[in-house]
Amino acid sequence: MPKKLKPAVRSWLIIALVAFAFFSMYKMNPNRPNTRDLTQIEFFKAIEAGKIVEPVVRFVDRDDGVTFLTGQIETDELQKDGSPVKEQYRVNLVPGENEGLMNDLFAAQIKVVVKEQKSPISPFVMQLLFFFGFLALFYWIFHRKMGGDGGPFGFGKSRAKILNTSEENKKAISFADVAGIDEAKEEVQEIVEFLKEPSAFQKLGGKIPKGVLLVGPPGTGKTLLAKAIAGEAKVPFFAISGSDFEEMFVGVGASRMRDMFAEAKKRSPCIVFIDEIDSIGQKRTGASALTGSHAHEQTLNTMLVEMDGFEPNEGVIVIAATNRPDTLDSALLRPGRFDRQVVVELPTLKGREEILSLHGKKITFAEDADLSRVARGTPGFSGADLANLLNEAALMAVRKKLDAVDMQTLEEARDKVLWGRERKSSGYSQTDRETTAWHEAGHALLQVLLKDSDPLHKVTIIPRGRALGATMSLPEKDVLNRTKKHFLAEMRICCGGRIAEELFTGDISTGACQDIAQATSIARDMICRYGMSEKFGFQAFQEPSQFSSEPLSPQFSEATSREIDAEVKRLIDEAYAEAKKLIEENRDKLEVLAKTLVEKETMDGRDVEELIKGAAAVEQPNEVSE
């Protein structure tokens, strides 16, 4: 069967055909508007001047008997090549007085061709047809197709796509395709049960939530969970993004919102999913008031009325997703609209194992591949990150021409996702390699000596990402709470690179810029967010949120700001002094580690620990003082 044309292509094709038909009729009509009308006197003078171009066509109208001559006449204007410009003319022959005119044509040896008017339509009627034809075309474009699917000017219609979630659709997503967010699946399970059997809820007077707001970091599976709800319930699923409601014309967003709910009510029960709802659901005071733009406010007001207004909205469940819930208007979050907020968090260790197993079904693994070990080494990864990790591992295995993805490839893919790709081709001098080795050895040494830090995973002097080297650490399990000792240890580790580099070269370089920024950020968070400063105690000095147009309380004065800066400097200075003391006490271990790094370039965390333990017989203290 021939492939069916898309609505937009079909619309433009019809317009092109109609326009071509009118253009052809226009060119064939000798009475078109740009034809020059001549009187018989003007025509006589043109014959005498030799400006009539052969042949002259004589038309005889079969209906009204009007006879006229038409052809081309030379004008006084000249073209670029010097020849005269020619234009179409028309001269009517007066009945009974055209014999002399015809004789003059024969005398001038101008050929005359006699034709009958092929079209039975008079010139006046032809012009009326042109007018009404273009009027009908204009009406069809701007009225009938104003909001049609794929129409050339379809502004006001909804752009929501209806996904096929019927039982016949084998690609429909179910809860079996969603892993790592068991709590979120349990919360939305009753929505599926209501869509399957609404009478069971209505019997006891219960009402299903009209709206469910999925909140969580990017990549945690909010959109996938919404698709699974529709797939399990086997109901129509309208999917649209919040940005699809807005257009360059004011009022289009509100029109699309009304049209979407009208279509949804026709297919009730159904699910309407709005992704990134924060683009239209922002607070109506603040950003929009400052910019003076009220277009998104009209869209939001329409949505509020459609979800819970005067007209009933039974059977239409709105599911929305966002990672910025603090920007949403309070009227949108009240009961009766988005009654329920489902938090979709980053997966735990068990959740990561389930996600890796789910995405790994289509990948061939080697015998040594251990997905549980990969899950332990990827804390803080979202479902999308884990899927990307497995895809990177599969691509690496293909480049290596392996038959299956082994454990080494999985770890290499994880390191690439976390810290960037190795740049082995980056050439730098031996002095740079040694300086980098001492720098990274300083980080790694403190990482091993300080027990309150995360375990050392790997250290390398091969450039990775934008860094010349990297010291990588990974927690052994999911960490829900961080302690003050851990932050102090992390600050000391940040200082270790520059301290070791200065011991080796007697100078400092720009290699510690990221370490300085990280240490400063940790110190400021300890004071302003976590209340871990002895000077300020149990107080918070949170900076204004980047997602909110209004500053978050409490605020602080300039004097307090200067005191915070002084406290940040004190914490960093103390961390630097403690780190320098610890490195000087273990300089022999630092030298051994740096030299080994120059030779091997990359070392595993366990190898570093064994090397440090065997480097000196005297044990050094590894406690962190506060």
Side-chain angles (χ1 to χ4, degrees), residues 160-204 206-241 260-261 263-277 307 313-323 337-348 350-362 382-384 386-387:
K161 297 180 180 178
I162 304 178
L163 304 183
N164 184 9
T165 58
S166 60
E167 297 181 2
E168 293 79 9
N169 185 13
K170 296 181 180 180
K171 295 183 179 180
I173 297 175
S174 64
F175 282 147
D177 300 314
V178 182
I181 47 175
D182 295 336
E183 292 80 5
K185 285 198 293 186
E186 291 177 3
E187 284 199 63
V188 299
Q189 184 68 39
E190 65 182 40
I191 297 177
V192 176
E193 295 174 358
F194 171 81
L195 292 172
K196 287 182 176 179
E197 291 186 58
S199 59
F201 290 82
Q202 296 170 354
K203 186 186 300 182
L204 299 178
K207 294 182 179 179
I208 198 67
K210 292 185 178 181
V212 177
L213 183 64
L214 304 178
V215 180
T220 50
K222 300 183 291 294
T223 304
L224 188 66
L225 183 60
K227 291 181 180 178
I229 296 172
E232 290 284 342
K234 302 295 187 298
V235 296
F237 182 81
F238 292 80
I240 191 171
S241 173
M260 182 185 69
F261 274 94
E263 290 293 327
K265 291 175 183 177
K266 295 177 184 177
R267 300 172 182 264
S268 175
C270 66
I271 292 176
V272 174
F273 176 65
I274 305 176
D275 200 8
E276 304 298 342
I277 193 176
M307 289 188 68
N313 193 20
E314 298 294 336
V316 178
I317 298 177
V318 182
I319 300 177
T322 182
N323 51 22
R337 289 183 179 130
F338 284 108
D339 310 82
R340 181 172 301 179
Q341 292 189 25
V342 177
V343 180
V344 185
E345 293 284 3
L346 293 171
T348 60
K350 179 184 176 184
R352 292 195 297 274
E353 291 182 8
E354 294 175 355
I355 293 172
L356 289 170
S357 299
L358 181 64
H359 289 293
K361 289 181 179 179
K362 298 180 180 180
S382 65
L386 295 172

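Values in this document were obtained by computation on a predicted structure and should not be read as measured data. Scope of the values below: all heavy atoms of this structure, side chains included, with no hydrogens, waters or symmetry mates.
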Mind checking whether [X] and [Y] have side chains closer than 4.5 Å, heavy atoms only?
| X | Y | answer |
| --- | --- | --- |
| L346 | S382 | yes |
| V318 | F273 | no |
| I229 | F237 | no |
| E186 | Q189 | no |

Nearest non-hydrogen partners of [X] and [Y], listed with the distance:
| X | Y | value |
| --- | --- | --- |
| N323 | P218 | ND2-CG, 3.2 Å |
| E345 | T220 | O-CG2, 3.9 Å |
| A226 | I319 | CB-CG2, 4.1 Å |
| V178 | A228 | CG2-CB, 3.8 Å |
| A184 | L225 | CB-CD2, 4.0 Å |
| A264 | V272 | CB-CG2, 3.8 Å |

Ignoring hydrogens and angles, tell me if any N or O in the side chain of [X] forms a donor-acceptor pair with the backbone of [Y] under 3.5 Å.
| X | Y | value |
| --- | --- | --- |
| Q341 | V215 | no |
| K234 | G231 | yes |
| K185 | A179 | no |
| K222 | G216 | yes |
| R340 | V212 | no |

Distance check, rounded to the nearest 0.5 Å: [X] atom [atom1] versus [Y] atom [atom2]?
| X | Y | atom1 | atom2 | result |
| --- | --- | --- | --- | --- |
| K227 | D177 | NZ | CG | 11.0 Å |
| K210 | I317 | NZ | CD1 | 11.5 Å |
| I277 | F338 | CD1 | CZ | 3.5 Å |
| I274 | L213 | CD1 | CG | 10.5 Å |
| F238 | M260 | CZ | CE | 8.5 Å |
| L224 | I181 | CG | CD1 | 7.0 Å |

Quick test of your reading of the model: are K350 and E353 salt-bridged, counting only N-O distances below 4.0 Å?
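The answer is no: the pair does not qualify as a salt bridge.
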
